[in-house]
Amino acid sequence: MSSERILILGANGQIGTVLTEALRNKFGNESVISTDLHPSKLTSGPHEILNVLDKSGLEAMVNKHRITQIYHLAAILSARGEQDPQNTWKINMEGLMNVLTVSVEQKISKLFYPSTIAIYGHSTPKQNTPQEASFIPATVYGISKIAGEHWCNYFYNRYKLDVRSLRYPGVISWQSDPGGGTTDYAVEIFHAALKEKKYCCFLEADTRLPMIHMDDCIRATLELMDAPAELIHIHTSYNLASMSFTPAEIAAEIKKHIPEFEISYKPDFRQAIAASWSESIDDSVARRDWNWRPKFDLASLTEDMLHNLKIKLNH
Ligand code: AKB
């Protein structure tokens, strides 16, 4: 039985709901405390209402549950973030500063912080984006995440806080719904294909973006957090790759399973956000340091999404 006591912030989000279950399977239900602004979406396990802007509430939660590790998932994503840049900055940055400070004060042994492909910008090489390059993000979400990476690195160097991070691509899941992101189309398209046999995409047909299946995303997170500290050489955030595709390519793959499926295109403000991101990523540093290997490709992702989503929607 592990002695770890885990706190998840923003547990009701797309990644949070699935990660909470994965961590509970690993560490036991009672050792993983999920928190969010709202009641839990899961049917079992300890859950508390917590706002990441409430530093003393966070401190009290860490003490009450004798927390040893924190997964800080609470953030406003790229598309929603543009509706209210100042509030996005506040939630994403003040939230992180509270978590970093409390982690040092309360001697947290490990902290996970998700970064994103949204840190890349027009000056970043679009193909095979390297671990280190020019990162001038086009969204407030991206700005907050690149600043967050640097704060994590600072806290590692100054306070020896063991904070680990991944630059997540767009995450595709049947288990949970995304909210407020630019890559959300790649989940919506599966729901629409099964329910209406058609989908109107808010990105242009040839917009290539890096994506990852939720199972690979969760496995990457757990493997990074399990890796011996001496193997972790990146204390900002690791590039993480799995696959890249365009709306036209994913539609063609869905059509192999649902021949009647039709896609149409009506690009909106999210097109400019997507156009500022990379098309493919070089994750050789993650592969070298902690042996990262993705399992899903576009064909297996499409098959898995349609299979599991169909079962879920029929219930
Ligand atoms: C978004 O689209 O904003 C997120 C992300 C790539 O971080 N899915």
Side-chain angles (χ1 to χ4, degrees), residues 10 12-19 21 36 38 40-43 75-83 116-118 139 141 168-218 242-277 279 294-315:
N12 281 1
Q14 182 194 15
I15 297 171
T17 45
V18 188
L19 186 62
E21 287 202 305
D36 200 276
H38 305 287
S40 180
K41 288 184 176 169
L42 301 174
T43 47
I76 311 264
L77 302 191
S78 59
R80 187 168 303 149
E82 292 308 287
Q83 311 308 316
T116 164
I117 56 169
T139 60
Y141 168 60
Y168 286 141
V171 179
I172 300 174
S173 56
W174 55 268
Q175 300 95 323
S176 55
D177 297 331
T182 303
T183 57
D184 294 9
Y185 93 84
V187 178
E188 287 174 8
I189 195 169
F190 286 104
H191 286 261
L194 287 168
K195 288 184 207 148
E196 284 123 36
K197 314 264 183 277
K198 62 175 190 223
Y199 178 64
C200 182
C201 186
F202 56 75
L203 297 183
E204 281 165 10
D206 59 352
T207 312
R208 186 173 301 284
L209 288 174
M211 302 280 185
I212 190 169
H213 188 292
M214 178 64 89
D215 293 357
D216 274 344
C217 165
I218 298 295
S242 170
M243 66 189 89
S244 291
F245 56 77
T246 65
E249 286 168 355
I250 193 172
E253 199 59 43
I254 291 173
K255 245 171 141 35
K256 291 183 189 165
H257 300 265
I258 307 174
E260 327 78 284
F261 177 65
E262 291 298 341
I263 187 164
S264 56
Y265 301 95
K266 201 172 171 211
D268 64 17
F269 73 99
R270 288 169 281 194
Q271 179 60 37
I273 298 177
S276 73
W277 294 350
E279 295 193 347
K295 287 194 178 149
F296 283 86
D297 59 13
L298 177 56
S300 54
L301 172 138
T302 305
E303 203 178 318
D304 183 78
M305 280 295 289
L306 289 172
H307 173 76
N308 284 302
L309 204 53
K310 199 175 194 172
I311 297 174
K312 192 178 173 196
L313 294 175
N314 284 341
H315 277 83

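What you see below is based on every heavy atom in this structure, not just the backbone, and it leaves out hydrogens, waters and symmetry mates. All figures in this text were calculated on a predicted structure; none of them were measured in a lab.
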ask   = With under 30° as parallel and over 60° as perpendicular, where do the rings of Phe202 and Tyr185 fit, or are they tilted in between?
value =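 Perpendicular, since the angle between the ring planes exceeds 60°.
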Show the nearest heavy-atom pair for residues [X] and [Y], with the distance to one decimal.
X      : Y      : answer
Cys217 : Ile15  : SG-CD1, 4.3 Å
Pro169 : Ile117 : CA-CG2, 3.7 Å
Ala205 : Pro247 : O-CD, 3.3 Å
Glu188 : Tyr199 : OE1-OH, 2.6 Å
Cys201 : Ile263 : CB-CD1, 4.1 Å
Val187 : Pro178 : CG1-CD, 3.7 Å

Say you draw a straight line from [atom1] of [X] to [atom2] of [Y]; how long is it, rounded to the nearest 0.5 Å?
X      : Y      : atom1 : atom2 : answer
Met305 : Ile254 : CE    : CD1   : 8.5 Å
Glu262 : Glu196 : CD    : CD    : 14.0 Å
Thr182 : Asp184 : OG1   : CG    : 7.5 Å
Ile218 : His213 : CD1   : NE2   : 11.0 Å
Leu203 : Thr246 : CG    : OG1   : 10.5 Å
Leu306 : Phe190 : CG    : CZ    : 5.5 Å

query = What do the steps show when you test Glu21 against Leu42 for side-chain contact (heavy atoms from CB on, under 4.5 Å), and what is the final call?
reply = CA-CA 8 Å; Glu21 287 202 305; Leu42 301 174; 3.9 Å; yes
Would a 4.5 Å heavy-atom cut-off, applied to side chains only, mark [X] and [Y] as touching?
X      : Y      : result
Lys197 : Ile258 : yes
Tyr141 : Ile76  : no
Met243 : Ile212 : no
Ser242 : Lys295 : no

May I ask you to decide if [Y]'s main-chain N or O and [X]'s side chain share a donor-acceptor pair within less than 3.5 Å?
X      : Y      : answer
Gln271 : Glu204 : yes
Asn12  : Asp36  : no
Asn308 : Trp174 : no

request  = Would you sort out whether Ile189 and Phe261 count as a side-chain contact (heavy atoms from CB on, under 4.5 Å), showing the intermediate values?
outcome  = CA-CA 10 Å; Ile189 195 169; Phe261 177 65; 3.7 Å; yes
Salt bridge (Lys or Arg N to Asp or Glu O under 4.0 Å) involving Glu253 - partner list, sequence neighbours excluded =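 In terms of salt bridge (Lys or Arg N to Asp or Glu O under 4.0 Å), with neighbours along the sequence ignored, Glu253 is linked to Lys256.
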query = Checking side-chain hydrogen bond (donor to acceptor under 3.5 Å, both in side chains) for the pair Gln175/Thr17: CA distance, chi angles, key distance, verdict?
reply = CA-CA 8 Å; Gln175 300 95 323; Thr17 45; over 6 Å; no
request  = Please determine if Glu260 and Lys255 form a salt bridge, counting it only when a charged side-chain N lies under 4.0 Å from a carboxylate O.
outcome  =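 So Glu260 does not pair with Lys255 through a salt bridge.
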Test: Arg208 and Glu249 ion pair at under 4.0 Å =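 The answer is yes: the pair qualifies as a salt bridge.
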request  = Could you give me the CA-CA distance, side-chain angles and deciding distance for Leu209 and Glu279, then say whether side-chain contact (heavy atoms from CB on, under 4.5 Å) is met?
outcome  = CA-CA 5 Å; Leu209 288 174; Glu279 295 193 347; over 6 Å; no
message = Quick test of your reading: applying salt bridge (Lys or Arg N to Asp or Glu O under 4.0 Å), list the pairs with at least one residue in residues 302-312, sequence neighbours left out, ordered by first then second residue.
response =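 For residues 302-312: none.
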key: Donor-acceptor pair between Ser173 and Gln14 side chains, under 3.5 angstrom   =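 There is such a pair (donor and acceptor under 3.5 Å, judged by atom type) between the side chains of Ser173 and Gln14.
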query = Are more than 12 heavy atoms from other residues, nucleotides or ligands located less than 6.0 Å from atom NZ of Lys198?
reply =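 Counting other residues, nucleotides and ligands, NZ of Lys198 stays at 12 neighbours or fewer.
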ask   = Which is it for Ser78 and Trp277 under the side-chain contact (heavy atoms from CB on, under 4.5 Å) test, yes or no, and what are the steps along the way?
value = CA-CA 11 Å; Ser78 59; Trp277 294 350; 3.6 Å; yes
